[in-house]
Undergrad: 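Okay, here's the structure, questions in a sec.
For ligands, and for the atoms within them, numbers begin at 1 and follow the listed sequence.
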Amino acid sequence: MTHYDLAIIGSGSGNSLITPDWDNRKVAVIDGGTFGGTCLNVGCIPTKMFVYPAQLAASAAEAARLGVDQRVEKVRWREIRDRIFSRIDAISEGGRRYRAEELENVTLYSEYVRFTSPHRLETASGKEITADQIVVAAGSRPVLPDIPGIGLPQVHTSDTVMRVDELPDRVLILGGGYIAAEFGFVFSAFGSEVTMAVRSGALLRAQDETVSERFTAAASGQWDVRLHTQLASLAENAVGSVRAVLEGPAGTSELDVDLVLVATGRVPNTDRLDPAAAGLDVEPDGRLAVDEYQRVLSGGQPVPGLWALGDVSGADQLKHVANLEARTVAHNLVHPDDLQASSHRFVPSAVFSHPQIASVGLTEAEARDYALANGMDLVMAVQEYGSTAYGWAMEDSTGFVKLLADRTTGQLLGAHIMGHEASMLIQPLIQAMAFGLDAASMARGQYWIHPALTEVVENALLSLGTNPQDTALRP
Ligand SMILES: Cc1cc2nc3c(=O)[nH]c(=O)nc-3n(C[C@H](O)[C@H](O)[C@H](O)COP(=O)(O)OP(=O)(O)OC[C@H]3O[C@@H](n4cnc5c(N)ncnc54)[C@H](O)[C@@H]3O)c2cc1C
Ligand SMILES: NC(=O)c1ccc[n+]([C@@H]2O[C@H](COP(=O)([O-])OP(=O)(O)OC[C@H]3O[C@@H](n4cnc5c(N)ncnc54)[C@H](O)[C@@H]3O)[C@@H](O)[C@H]2O)c1
């Protein structure tokens with residue numbers, strides 16, 4: 001048995017916890033998977049490295065509308081893949097080596113662990129680890145629905161799909177969430193024939209209703225979106241590809257594809273940690289229960305010296321949320337008498353598809369409920385990109401900004417953007433919400449560069465009509 005001052009389960013966001021505060025103390029980092037976790041190896045970073053060249057490929061079709069004829073000659077999948085992963089794998093390996101070999105006070109265990117009591121862990125090979133403080137940053141994993149043929153080698157999740165050797169000619173994507181939307185775009189922009197089987201009547205159903213509705217329409221123009229459609233089975237066919245049986249509104253149909261991407265959500269890795277052995281509370285959806293200080297709970301009470309962060313305990317499976325929680329834990333580990341809470345107000349997110357989507361705060365349905373419950377006068381504005389000069393330059397007909405606000409105070413309740421660079425365009429709105437800036441002051445209390453696309457945000461704020469006072473810039 002080896003005792004540590006700090007043991008961290010998970011080398012994703014958990015890896016950032018080893019601040020200089022721990023220089024002279026014994027630390028264990030434990031990760032049974034690839035060093036660096038999901039975002040670096042199989043998540044945010046490689047996906048966006050595929051999305052960017054996909055945007056370049058898609059821009060040829062856009063350019064034609066504006067009188068510029070371009071052609072995508074070829075997408076060199078293997079070259080793109082190898083460029084992406086030669087960079088990523090080197091970062092992962094460099095991080096692993098640094099932790100494993102270059103820090104005297106840090107020990108890296110490259111295996112899975114589980115709890116045997118609140119401060120005792122057992123590794124897969126039977127090593128015992130105890131620690132004064134343990135941080136669980138064990139992340140989440142993809143869920144595979146129980147469908148005949150789901151174990152075929154042509155069936156992938158986001159964990160494996162980016163490493164395949166060839167760009168598949170025909171892809172079936174199961175699901176209509178983040179991963180489906182991003183990979184649907186990547187594969188279709190690269191030239192694959194994409195079919196998307198979606199259980200419900202719309203893509204991105206967790207988004208604001210206007211976004212979900214308009215994105216479903218935009219996606220349907222790019223690839224074959226089959227709504228109200230279930231995947232019944234998969235089987236290898238005579239020529240080595242996969243025959244999928246789909247059940248949709250028109251009945252049962254068969255589809256031959258070369259690759260199937262399952263994108264049906266992710267579950268926290270809590271179950272694999274044996275939380276019951278340590279008496280830890282687990283939320284109904286499988287997350288490890290924590291309080292606002294990221295302390296793990298047992299019987300509703302915080303367990304001294306036990307913390308969790310990121311996908312294993314958080315409601316939002318997003319890297320910027322895991323990062324914020326890691327900063328909370330890094331502080332709280334060394335300041336037990338001055339605990340900080342994680343703020344989950346106004347958590348933004350973006351879907352890097354085509355069009356891009358970004359959102360923060362309440363959806364329209366949520367805002368209506370909130371306004372009703374709080375006697376609030378809700379105002380809403382939808383401003384099209386195409387109503388601004390930059391939108392004219394782009395001949396844009398799909399992009400829009402939707403804002404929801406309290407008419408009396410002008411405080412924004414929600415912001416939703418679909419279109420070119422939505423993930424960047426939304427940042428001033430996130431800032432306004434985080435710092436309590438009202439819509440009218442935001443619109444008229446600063447300059448907006450003309451004729452930048454940000455004018456669509458300015459105009460959306462003005463359209464809300466929240467504040468009669470003149471808040472114009474004074475010389
Ligand atoms: C395809 C994809 C794209 C994404 N894109 C974005 C994006 O654009 N923006 C965004 O904000 N978020 C994105 N996300 C989500 C983001 O990647 C996650 O929210 C984030 O990486 C979670 O970080 P974490 O530290 O909680 O867990 P992870 O980074 O997953 O780290 C957990 C680590 O714990 C290890 N582990 C698990 N169980 C054990 C155990 N029992 N013993 C030892 N080790 C264990 C795992 O091997 C893993 O390395 C994406 C996710 C996916 C899958
Ligand atoms: N840009 C980003 O920030 C980004 C990108 C990718 C992933 N992520 C994170 O990773 C998480 C996982 O992504 P995801 O797309 O797998 O999940 P998701 O929750 O976004 O979408 C899951 C989809 O699968 C459908 N579904 C669930 N079970 C099904 C079943 N049995 N049969 C058919 N359809 C089923 C759901 O209705 C939904 O459409 C996301 O929730 C997000 O937090 C973030």
Undergrad: With heavy-atom distances below 4.0 Å as the criterion, list the atoms of ligand 1 near Leu273.
TA: 41 (N)

Undergrad: Yes or no: does Val42 have any heavy atom under 4.0 Å from an atom of ligand 1?
TA: yes

Undergrad: Counting both backbone and side chain atoms, is some N or O of Leu318 under 3.5 Å from an N or O of ligand 1?
TA: yes

Undergrad: Which heavy atom of the protein is the closest neighbour of atom 39 (C) of ligand 1, given with residue, atom name and distance?
TA: Tyr112 CD2, 3.5 Å

Undergrad: Does the distance from a Lys or Arg side-chain N to an Asp or Glu carboxylate O, for Arg141 and Asp271, drop under 4.0 Å?
TA: yes

Undergrad: Can you tell me which residue among Asp31, Ile18, Leu333 is in a side-chain contact (heavy atoms from CB on, under 4.5 Å) with Ile8?
TA: Ile18

Undergrad: Out of Lys319, Glu325, Arg114, indicate the one that has the non-hydrogen atom closest to atom 10 (C) of ligand 1.
TA: Lys319

Undergrad: With a 3.5 Å distance limit and no angle check, can you tell me whether Ser353 reaches the backbone of Gln356 through a side-chain donor-acceptor pair?
TA: no

Undergrad: Just to confirm my output: which protein heavy-atom neighbour is closest to atom 15 (C) of ligand 1, and how far is it?
TA: Gln317 O, 3.4 Å

Undergrad: Can you list the ligand 1 atoms lying under 4.0 Å from a non-hydrogen atom of Ala138?
TA: 32 (C), 34 (O), 36 (N), 37 (C), 38 (N)

Undergrad: Evaluate the ring planes of Phe50 and Phe85, with Trp represented by its six-membered ring, and classify them as parallel (under 30°), tilted (30 to 60°) or perpendicular (over 60°).
TA: tilted

Undergrad: Looking at Phe400, does the NZ or CZ of Arg214 lie under 6.0 angstrom from its six-membered ring centre and within 45 degrees of the ring axis?
TA: yes

Undergrad: Check each atom of ligand 1 against the heavy atoms of Gly139 and keep those under 4.0 Å away; list them by number with element.
TA: 26 (O), 27 (O), 30 (O), 32 (C)

Undergrad: Going by the atom numbers of ligand 1, which of them fall below 4.0 Å from some non-hydrogen atom of Gly37?
TA: 29 (O), 31 (O), 49 (O)

Undergrad: Taking NZ, NE, NH1 and NH2 as the nitrogens, is one of them in Arg114 or Glu122 under 4.0 Å from a carboxylate oxygen of the other?
TA: yes

Undergrad: Mind checking whether Val29 and Thr107 have side chains closer than 4.5 Å, heavy atoms only?
TA: no

Undergrad: Knowing that exactly one of Thr270, Val296, Asp281 qualifies, which makes a side-chain contact (heavy atoms from CB on, under 4.5 Å) with Pro275?
TA: Thr270

Undergrad: Taking 4.0 angstrom as the limit and counting only heavy atoms of Ser13, give me the atoms of ligand 1 inside it, by number and element.
TA: 23 (O), 24 (P), 25 (O)

Undergrad: Any non-hydrogen side-chain atom of Leu6 less than 4.5 Å from a side-chain atom of Val135?
TA: yes

Undergrad: Using a 4.0 Å cut-off to any heavy atom of His320, which atoms of ligand 1 qualify?
TA: 11 (O)

Undergrad: When the aromatic ring centroids of Tyr4 and Trp22 are compared, is their separation below 6.0 Å?
TA: no

Undergrad: Look only at interatomic distance and state if Val113 has a nitrogen or oxygen under 3.5 Å from any nitrogen or oxygen of ligand 1.
TA: yes

Undergrad: May I ask which of Gly32, Ala322, Ser423, Gly33 has a heavy atom nearer to atom 44 (N) of ligand 1 than the others do?
TA: Gly32

Undergrad: Please test Arg78 against Asp82 for salt bridge (Lys or Arg N to Asp or Glu O under 4.0 Å), starting from the C-alpha separation and ending with a verdict.
TA: CA-CA 6 Å; Arg78 274 190 198 215; Asp82 293 348; over 6 Å; no

Undergrad: Start with the C-alpha distance between Ser349 and Tyr178, add both sets of side-chain angles, then the distance that settles side chain to side chain donor-acceptor pair (under 3.5 Å), and finish with yes or no.
TA: CA-CA 10 Å; Ser349 64; Tyr178 276 83; 3.2 Å; yes

Undergrad: Which is closest to atom 52 (C) of ligand 1 by heavy-atom distance: Ala263, Gly43, Pro348?
TA: Gly43

Undergrad: With a 4.0 angstrom cut-off on heavy atoms, strictly below it, pick out the residues next to ligand 2 and order them by chain and number.
TA: Lys48, Pro145, Leu174, Gly175, Gly176, Gly177, Tyr178, Ile179, Glu182, Arg199, Ala263, Thr264, Gly265, Arg266, Gln317, Leu318, Ala350, Phe352

Undergrad: With a cut-off of 4.0 Å, which atoms of ligand 1 are near a heavy atom of Lys48?
TA: 5 (N), 6 (C), 7 (C), 8 (O)

Undergrad: Please say whether Thr38 places an N or O atom under 3.5 Å from an N or O atom belonging to ligand 1.
TA: yes

Undergrad: Closer than 4.0 Å to some heavy atom of Ser158 - which atoms of ligand 1 meet that?
TA: 1 (C), 53 (C)

Undergrad: Please write down residue, atom name and distance for the protein heavy atom closest to atom 21 (O) of ligand 1.
TA: Cys39 N, 3.3 Å

Undergrad: Would Asp31 count as being in polar contact with ligand 1, using the rule that some N or O on each side must be under 3.5 angstrom apart?
TA: yes

Undergrad: List the closest protein heavy-atom neighbour of atom 34 (O) of ligand 1: residue, atom name, distance to the nearest 0.1 Å.
TA: Gly10 CA, 3.3 Å

Undergrad: Which protein heavy atom lies closest to atom 32 (C) of ligand 1, and at what distance to 0.1 Å?
TA: Ala137 O, 3.2 Å

Undergrad: To the nearest 0.1 Å, how far is atom 14 (N) of ligand 1 from its closest protein heavy atom, and which atom is that?
TA: Cys44 SG, 3.8 Å

Undergrad: Considering only protein heavy atoms, which is closest to atom 26 (O) of ligand 1, and at what distance to one decimal place?
TA: Asp311 N, 2.9 Å

Undergrad: Side chains of Thr130 and His119: closer than 4.5 Å at any heavy-atom pair?
TA: no

Undergrad: What is the nearest protein non-hydrogen atom to atom 53 (C) of ligand 1, stated with its residue, atom name and distance?
TA: Arg266 NH1, 3.3 Å

Undergrad: Taking atom CZ of Arg83 as the centre, report whether more than 12 heavy atoms of other residues, nucleotides or ligands fall under 6.0 Å from it.
TA: yes

Undergrad: Can you establish whether the number of heavy atoms outside Phe346 located under 6.0 Å from its atom CZ is more than 12?
TA: yes

Undergrad: Does Arg120 make a cation-pi contact with Phe115, if we ask for NZ or CZ under 6.0 Å from the ring centre and within 45° of the axis?
TA: no

Undergrad: Any atom of ligand 1 sitting under 4.0 Å from a heavy atom of Glu111?
TA: yes

Undergrad: Report, as yes or no, whether the 6.0 Å neighbourhood of atom CD on Glu193 holds more than 12 heavy atoms from other residues, nucleotides or ligands.
TA: no

Undergrad: Can you find a pair of side-chain heavy atoms, one from Arg295 and one from Val303, that are under 4.5 Å apart?
TA: no

